[in-house]
Amino acid sequence: MAKDLRERLGREEVAVLNGVVTKLHRDVNHREATIYGSFLHEGAPRQRRVRVELRAEDVDRAADAWRAGLEVAVAGDLEPRGTGVRMRRVTRFVVRPE
């Protein structure tokens with residue numbers, strides 16, 4: 001299943017991920033969040049966990065969304081990593097209102 005995901009998604013510029021922040025990682029060089037959600041471009045969206053490298057200006061918004069359980073939309077570049085994919089070079093991070 002992970003191999004299928006890497007083959008289908010591979011490296012992709014400007015993918016959009018919709019989901020909820022399930023974990024914040026502060027112990028790495030770049031602040032990261034794990035977002036559980038689905039990609040807009042997939043015909044039949046499947047829920048998956050994606051590590052997202054946050055920009056400095058997105059860290060507080062991600063923390064607020066995590067605390068409140070709000071949905072977020074994130075746009076950035078996808079890259080294969082290990083058994084899944086990672087989102088880097090985020091261009092947009094939006095917390096969706098309740």
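Numbers here simply count residues along the sequence, with the first being 1.
- Residues Leu17 and Val90 share a single hydrophobic cluster, defined by chaining ILVMFWY side chains whose heavy atoms lie under 4.5 Å apart.
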Show every donor-acceptor pair shorter than 3.5 Å between a side-chain atom in residues 66-78 and any protein atom, with sequence neighbours excluded, or say none if there are none.
unit_1: Arg67; atom_1: NH2; unit_2: Asp64; atom_2: OD1; d: 2.8
unit_1: Asp77; atom_1: OD1; unit_2: Val14; atom_2: N; d: 3.0
unit_1: Asp77; atom_1: OD2; unit_2: Arg89; atom_2: NE; d: 3.0

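- Partners of Arg86 under the side-chain hydrogen bond (donor to acceptor under 3.5 Å, both in side chains) rule, at least two apart in sequence or in another chain, are Glu32.
- Note on Val59: it clusters hydrophobically with Val21, by side-chain heavy-atom contacts below 4.5 Å among ILVMFWY residues.
- Remark: Leu54 CG to Met87 CE distance equals 11.0 Å, nearest 0.5 Å.
- Between Arg61 and Phe93, the shortest heavy-atom distance links the atoms NH1-O, 3.7 Å.
- Shown here are the side-chain hydrogen bond (donor to acceptor under 3.5 Å, both in side chains) partners of Thr34, two or more places apart in sequence or in another chain: His25.
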**Message:** Does Phe39 form a side chain to side chain contact (heavy atoms under 4.5 Å, CB included) with Val50? I'd like the steps, not just the answer.
**Reply:** CA-CA 10 Å; Phe39 294 104; Val50 178; 3.7 Å; yes
**Request:** Show your working on side chain to side chain contact (heavy atoms under 4.5 Å, CB included) between Asn18 and Arg96 and close with a plain yes or no.
**Result:** CA-CA 10 Å; Asn18 290 311; Arg96 295 178 180 249; 2.8 Å; yes
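- By the rule that hydrophobic residues join a cluster once side-chain heavy atoms approach within less than 4.5 Å of another member, Ile35 and Leu24 end up as members of one cluster.
- Annotation: salt bridge (charged side-chain N to carboxylate O under 4.0 Å, His left out) contacts of Arg92 (sequence neighbours excluded): none.
- One finds the CZ atom of Arg51 at 14.0 Å from the CD atom of Glu79 (value rounded to the nearest 0.5 Å).
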